[in-house]
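Okay, so here's the structure we're looking at.
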Amino acid sequence: MLLNRLPAALLLLSFCTNLHAQTQEISKKVDKLISDMTLDEKIGQMTQVTLGVVAKGGGGNEDGSLDPEALKHAVLDYKVGSILNTTAHALSVEKWRAVQTEIQDEAKKSRLKIPVIYGLDGMHGQTYTLNSTLFPQNIAMAATRNPDLVALAAHITANELRASGVRWEFAPVLDCGRQPLWSRFPETFGEDVYIGKTLGATAVHAYQADGLTNPTAVAACMKHYLAYSAPRSGKDRSPSYIPEIELREYFIPQFREAIKAGAATIMINSGEINGIPVHASKYLLTDVLRTELGFQGVIVTDWEDIIRLHTRHLVANSPRQAVVMAINAGIDMSMVPMDYSFFDLLKEAVQKNEVPVSRINDAVKRILLLKYSLGLFDNPYPEPASFANFGRPEYQQAALQAAQEAMTLLKNQNNILPLSKDKKVLVAGPSASSLAPLNGAWSYTWQGNQEQWYPADSKTIGQTIAEKTGGKASVLSAKGFDNTQNFDTARLRSAARDADVIVLCLGENAYAESPGNISDLALPENQMALARTAAATGKPVILVLTEGRPRLISSIEPSMNGILLAYWSGKKTAEAIADVLFGDYNPGGILPYSYPRYSGEIVLYDRKHTEDVREIFNADMTWDGYNPLFPFGWGLSYTQFTYGPISLSSSSLKGSGSLTITIPITNAGAREGKHTVELYSHQQYASITPNMQRLRAFKKIDLKAGETQTVSFTLTAADLAFVNADLKTVTEPGNFDLMIGKQKVSFSYQP
Ligand code: BGC
């Protein structure tokens with residue numbers, strides 16, 4: 001055994017030694033370069049502007065044509081190190097290559113010929129390249145519980161980005177979705193820490209697979225550090241108040257894992273935590289991120305976030321003070337991005353000794369190392385070797401599989417689903433004839449709501465259902481989510497007369513960031529009225545929800561016969577919905593969040609014991625505090641899975657040992673299906689009130705009808721750790737319960 005491993009170990013050792021030597025060599029080159037750089041050249045590297053600044057006609061530019069004078073001004077006068085974003089909408093892959101080439105040509109004219117690094121957003125596929133492959137948003141990817149699919153989607157996204165000539169990807173989003181009102185909830189992997197850290201690290205590995213010089217990889221950008229996702233009011237970029245013990249328990253672990261996975265860069269939360277804007281927090285940016293978590297890469301701000309320390313947060317009494325605060329706190333690059341104010345102000349601040357040159361050199365070194373690691377110094381131009389990796393036919397299949405696995409069947413009264421294809425189906429509701437409510441944010445435009453930019457072969461739900469039923473379906477819905485016809489209850493009532501079943505498509509139109517702010521989690525009244533009307537016809541109603549966050553449906557839920565949650569699942573959402581509705585695909589997605597029942601009761605699955613208690617008076621109490629409409633992990637199938645007893649390798653876990661947990665799972669139904677087995681733990685007593693459940697592991701299996709498979713998990717003490725009152729991550733001795741489905745066993749842990 002040892003002999004077998006020896007050559008591999010030697011190979012690894014020599015690889016590591018080579019890598020180390022290479023890194024040393026690059027580091028020396030960068031030091032030399034920095035010693036040759038003027039202050040202007042250094043500050044320029046730390047400056048990032050948006051494409052609109054150098055495009056003809058500015059941010060509204062439609063065709064990606066650059067303004068040569070503006071480009072020269074940016075690259076030669078201001079020596080900017082980085083450009084980001086698109087202008088009005090996505091550009092063709094060829095256009096992107098031309099844009100990149102023109103920018104790098106300009107950089108070649110500069111004194112030191114330092115290449116520009118370009119960054120784009122690609123949260124669920126390559127947002128800003130026309131005809132790229134859009135995958136489910138993270139919230140839907142989390143419902144698949146399939147890390148392989150997350151990796152595949154990230155890998156394809158990286159390929160399509162690199163094929164566009166761009167090597168820096170502003171993803172993955174690692175924010176923990178614990179505030180469902182928040183407009184960026186769909187970009188998260190949901191409310192659970194374990195899912196977030198597992199899938200987040202998987203995405204980082206996949207974006208950066210095979211090394212950053214490889215024409216199949218891009219530099220990942222973890223975002224938005226830290227705790228952007230939990231504003232108290234639910235409004236984007238508004239304050240959060242989070243004790244440090246919670247920051248460490250629920251928000252830091254995702255970043256810790258992604259850093260371990262080698263994430264090259266990180267973007268900062270635009271908001272404030274406990275009154276301190278994160279962009280001004282030396283504690284979070286330097287003490288925690290650099291010193292404690294060991295992050296070595298580039299720290300970039302989010303959009304305009306330095307100047308906003310002065311204009312919005314009011315912690316800096318001048319624009320220059322804002323720059324001083326942020327750079328001294330640890331920021332390396334400023335996404336300014338609309339002008340050169342940052343450059344001028346930072347230069348002034350350095351000249352006044354308000355920012356030490358050592359901090360500038362540190363930031364510039366990290367930026368140049370990133371450019372080296374991406375191979376930009378060798379060849380900054382679009383690489384022909386990457387071109388064939390755009391739009392490959394197999395990407396469509398990957399998008400379909402991801403959308404199918406995301407589909408989460410919430411309700412199936414009397415097995416109304418799957419529907420038979422010869423039924424007369426009436427397809428209605430605002431999302432039935434549109435693409436935007438199937439894809440959501442960051443889809444060919446920032447808001448995702450301009451359907452003229454979607455690929456021509458994209459399908460609506462109305463179309464895919466019409467195809468399945470051989471034309472027997474009638475589609476009442478009109479194009480455009482907000483089209484008033486879509487909310488006409490009288491029309492719905494009369495159209496339903498002829499139908500056997502109504503498929504009612506409700507939810508949310510696309511939105512991103514602040515334009516997606518809402519004040520009420522309830523599904524809007526005009527949609528609720530449609531649901532009530534549909535139910536009142538007496539025809540069975542299947543509710544299909546295409547939404548980024550859980551909009552409240554409690555009052556209509558009892559009168560819906562079936563409910564399919566489709567999230568925003570990308571290019572193949574409509575195909576996946578029809579496949580599930582008509583039984584061509586057996587759904588297996590499970591909720592990555594607790595679907596709330598009431599707006600006043602957002603209790604998450606990993607609640608504390610006293611959140612379960614509903615005290616009426618003293619001992620008179622109920623234990624139903626966690627009472628969502630559908631719990632975390634919920635999702636039905638067209639087959640049934642039964643669980644045998646859990647077996648443990650031992651009734652105690654000691655020190656650095658491990659515990660093996662096994663459970664037989666049987667597909668007791670009549671058709672094949674995918675199923676996720678989830679392992680939860682609960683410490684019975686601990687120094688910090690223990691969570692009632694914490695997800696510790698999951699495994700997705702595929703079982704044929706009648707088949708049984710034994711699933712096993714391994715736990716170590718570290719898997720059971722929590723953050724204690726001293727802010728240390730510890731595992732305390734004691735008794736633990738382990739839960740899988742309805743089965744429960746206990747064991748004890750001794751250090
Ligand atoms: C968003 C970031 C994004 C950046 C660049 C910001 O408004 O918060 O997630 O990466 O814009 O587009």
Side-chain angles (χ1 to χ4, degrees), residues 59-64 85-93 95-96 120-137 140 157 160 183 186-187 391 395-396 399-400 402-403 406 427-467 473 475-488 503-513 515-516 524 526-527 544-549 566-578:
N61 171 291
E62 289 277 347
D63 63 2
N85 207 15
T86 188
T87 45
H89 49 74
L91 302 173
S92 70
V93 67
K95 189 73 215 180
W96 272 123
L120 279 178
D121 292 288
M123 276 66 133
H124 67 125
Q126 185 31 48
T127 300
Y128 289 134
T129 306
L130 292 172
N131 292 310
S132 69
T133 316
L134 291 190
F135 291 91
Q137 301 273 349
T157 305
E160 296 206 323
S183 57
E187 296 176 49
Y395 297 172
Q396 298 297 313
L400 177 63
V427 189
S431 29
S433 293
S434 295
L435 301 172
L438 312 185
N439 288 272
W442 306 103
S443 302
Y444 309 110
T445 58
W446 172 45
Q447 292 297 309
N449 55 7
Q450 296 180 29
E451 297 194 6
Q452 68 271 33
W453 304 112
Y454 281 72
D457 61 347
S458 305
K459 289 185 179 167
T460 64
I461 305 174
Q463 283 170 326
T464 56
I465 292 184
E467 282 170 17
V475 182
L476 186 65
S477 178
K479 194 170 163 59
F481 189 92
D482 293 324
N483 191 321
T484 48
Q485 279 183 40
N486 290 334
F487 303 95
D488 185 337
V503 172
L504 186 61
C505 306
L506 305 181
E508 296 187 310
N509 200 7
Y511 54 80
E513 302 188 43
N526 55 1
Q527 297 196 53
V544 173
L545 290 167
T546 62
E547 58 185 16
R549 57 199 150 186
Y567 313 90
W568 286 341
S569 288
K571 170 85 184 284
K572 298 289 183 181
T573 308
E575 285 85 339
I577 289 171

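For reference, positions follow the sequence shown, starting with 1. Given the structure is predicted, the values throughout are model-derived calculations rather than measurements. Only this structure's heavy atoms are used, side chains among them; waters, hydrogens and symmetry mates stay out.
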Minimum heavy-atom distance between [X] and [Y], given as atom pair plus value:
X	Y	value
I465	A473	CG2-CB, 3.8 Å
P437	N509	CD-OD1, 3.6 Å
F481	N486	O-ND2, 3.5 Å
N449	A436	CA-CB, 3.9 Å
P430	L506	CD-CD2, 3.7 Å
T464	A578	OG1-CB, 3.6 Å

- Query: N85: what forms a side-chain hydrogen bond (donor to acceptor under 3.5 Å, both in side chains) with it, not counting sequence neighbours?
  - Reply: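 So N85 forms a side-chain hydrogen bond (donor to acceptor under 3.5 Å, both in side chains) with T50.
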
- Item | Residues which pass salt bridge (Lys or Arg N to Asp or Glu O under 4.0 Å) with E575, listed by chain and number, not counting sequence neighbours |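 Partners of E575 by the salt bridge (Lys or Arg N to Asp or Glu O under 4.0 Å) criterion, ordered by chain and then number, come out as K572.
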
- Output all residues satisfying salt bridge (Lys or Arg N to Asp or Glu O under 4.0 Å) with D121, sequence neighbours left out; order by chain, then residue number.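 If we apply the salt bridge (Lys or Arg N to Asp or Glu O under 4.0 Å) test to D121, skipping adjacent residues, the hits are K223.
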
- Task: Could you go through the side chain to side chain donor-acceptor pair (under 3.5 Å) check for T133 and E160 one step at a time?
- Result: CA-CA 8 Å; T133 316; E160 296 206 323; 3.2 Å; yes

Modelled atom types, side-chain donor and acceptor of [X] and [Y], under 3.5 Å:
X	Y	result
S431	T546	yes
T87	E62	no
W442	Q137	no

- Query: Going by the salt bridge (Lys or Arg N to Asp or Glu O under 4.0 Å) test, which pairs reach into residues 446-456, not counting sequence neighbours?
  - Reply: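 Salt bridge (Lys or Arg N to Asp or Glu O under 4.0 Å) check on residues 446-456 returns E451-K479.
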
- salt bridge (Lys or Arg N to Asp or Glu O under 4.0 Å): pairs with one or both residues in residues 453-464, sequence neighbours excluded: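 As it turns out, the salt bridge (Lys or Arg N to Asp or Glu O under 4.0 Å) pairs with a partner in residues 453-464, which skip direct neighbours, are D457-K571, K459-E467.
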
Spell out, as yes or no, whether a donor-acceptor pair under 3.5 Å connects the side chain of [X] to the backbone of [Y].
X	Y	value
T129	S132	no
Q447	A512	yes
S433	S477	yes
H124	G570	no
Q463	T460	yes

Could you tell me the separation between the [atom1] atom of [X] and the [atom2] atom of [Y], rounded to the nearest 0.5 Å?
X	Y	atom1	atom2	result
S434	I461	OG	CD1	9.0 Å
L130	H89	CG	NE2	7.5 Å
Y395	T157	OH	OG1	9.5 Å
N439	T127	CG	OG1	10.5 Å

- Task: Kindly write out the residues that satisfy ring pair (Phe, Tyr, Trp, His ring centres under 6.0 Å) with Y444, not counting sequence neighbours, or none if the list is empty.
- Result: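 Y444: ring pair (Phe, Tyr, Trp, His ring centres under 6.0 Å) contacts with Y454.
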
- Ring centroid separation for W446 and Y511, is it under 6.0 angstrom?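 Centroid separation for W446 and Y511: 6.0 Å or greater.
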
